[in-house]
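A quick write-up on the structure given underneath.
For this chain, numbers begin at 1 and follow the sequence in order.
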Amino acid sequence: MIAFVSGPVAALAPDTAVVEVGGVGMAVQCTPGTLARLKVGQPARLATSLVVREDSLTLYGFADDDERQTFELLQTASGVGPRLAQAMLAVHTPDALRRAFAAGDEKALTAVPGIGKKGAQKLLLELKDRLGAPVGSAGAAVGTAAVTSGWRDQLHAALVGLGYASREADEAVAAVAPQAEAVVADGGTPQVGQLLRAALQTLNRAR
């Protein structure tokens, strides 16, 4: 198993980072929040989980070990593959997921694209005692990673990557623009994790 990759970031795409390891470019699937913390040419260290299929080897990358462990635990539930597990972590931090399962919060789970009411109920039954109790700030860096520029493009790409149509993504970006602009006006920087969660909430209300 590849537990982590470390090296300079060679390239970034909406859902992938390429990290150079010993002269080899390792393509790593990441959430928007994790990608927002990376910069091309800068060193990075990502915890990883290798998913082996008959026709593919896919490396998933995470900001820390807590996120990786949560990713792997989510897949112990029936019907949860790596794509859905990653989508859950794109919307919620590990601690937010632990709180949701501890509280039986269906609404938090249905905010994830691909999870409906029945699916949320099933997941709550299967995973309630597997994720453990919230641990505080661990894993919070993913949800609060600062986006220093291009937040609109990053948010749009993240929504399209989660399966939304480009038109829906445009509408969601427009809906959360005042929130991002208010942060900028106060001298701060928009945060991709918070904007993504807000955008998903607007899309869920529209459906």
Side-chain angles (χ1 to χ4, degrees), residues 1-5 13-17 27-36 46-135 138-143 145 157-165 168-169 172 192-193 196-201 203-204 207:
M1 177 181 174
I2 302 174
F4 69 90
V5 296
D15 61 354
T16 307
V28 187
Q29 300 284 313
C30 302
T31 65
T34 299
L35 290 170
L46 296 172
T48 57
S49 180
L50 181 63
V51 175
V52 180
R53 295 287 185 266
E54 289 184 4
D55 59 349
S56 67
L57 295 173
T58 306
L59 199 60
Y60 290 85
F62 310 95
D64 54 36
D65 289 335
D66 184 36
E67 195 179 48
R68 179 187 63 195
Q69 290 165 3
T70 303
F71 171 80
E72 293 172 349
L73 281 170
L74 290 171
Q75 292 178 75
T76 63
S78 58
V80 178
R83 291 281 184 184
L84 183 56
Q86 189 178 51
M88 293 171 76
L89 286 165
V91 178
H92 300 294
T93 64
D95 246 14
L97 283 172
R98 284 189 278 264
R99 285 193 293 270
F101 281 103
D105 188 351
E106 289 181 20
K107 187 175 180 180
L109 296 184
T110 56
V112 179
I115 299 181
K117 184 177 177 66
K118 289 184 178 179
Q121 292 172 341
K122 183 179 178 184
L123 286 172
L124 287 171
L125 285 173
E126 290 195 40
L127 294 173
K128 183 175 178 62
D129 299 320
R130 296 186 195 176
L131 296 186
V135 295
V142 174
L159 291 166
V160 171
L162 288 171
Y164 288 98
E168 291 178 303
V192 71
L196 180 60
R197 284 189 280 277
L200 289 168
Q201 288 174 358
L203 287 166
N204 286 333
R207 289 187 167 185

Is there a donor-acceptor contact under 3.5 Å from the side chain of [X] to the main chain of [Y]?
X: Gln86; Y: Gln29; value: yes
X: Arg98; Y: Thr70; value: no
X: Glu67; Y: Ala63; value: yes
X: Thr48; Y: Ile2; value: yes
X: Gln75; Y: Ala85; value: no

On a heavy-atom basis, which atom in [X] and which in [Y] lie closest, and how many Å separate them?
X: Ala3; Y: Arg68; result: O-NH1, 2.6 Å
X: Ala77; Y: Arg130; result: N-NH1, 3.7 Å
X: Ala100; Y: Leu124; result: O-CD2, 3.9 Å
X: Ala47; Y: Asp65; result: CB-OD1, 3.5 Å
X: Lys128; Y: Ala102; result: NZ-O, 3.1 Å

request  = Please tell me if the side chains of Thr76 and Leu127 come closer than 4.5 Å, counting only heavy atoms from C-beta onward.
outcome  = yes
Contact check, side chains of Gln69 and Pro94, non-hydrogen atoms, under 4.5 Å:
no
Which of Leu50, Leu46, Thr16 passes side-chain contact (heavy atoms from CB on, under 4.5 Å) with Leu59? It is Leu50
If you apply the rule side-chain contact (heavy atoms from CB on, under 4.5 Å), what do you find for Phe101 with Leu74, and how did you get there?
CA-CA 11 Å; Phe101 281 103; Leu74 290 171; 4.3 Å; yes
Would you sort out whether Leu159 and Leu196 count as a side-chain contact (heavy atoms from CB on, under 4.5 Å), showing the intermediate values?
-> CA-CA 8 Å; Leu159 291 166; Leu196 180 60; 3.8 Å; yes
Taken in chain and number order and not counting sequence neighbours, the residues that satisfy side-chain hydrogen bond (donor to acceptor under 3.5 Å, both in side chains) with Arg83 are none
Please round to the nearest 0.5 Å and tell me the distance separating atom [atom1] of [X] and atom [atom2] of [Y].
X: Cys30; Y: Leu89; atom1: SG; atom2: CG; value: 11.5 Å
X: Phe71; Y: Phe62; atom1: CZ; atom2: CZ; value: 4.0 Å
X: Thr34; Y: Asp64; atom1: OG1; atom2: CG; value: 8.0 Å

Hits for side-chain contact (heavy atoms from CB on, under 4.5 Å) against Ile115, two or more places apart or cross-chain, chain-then-number order -> Leu84, Met88, Leu109, Val112, Ala120, Leu123
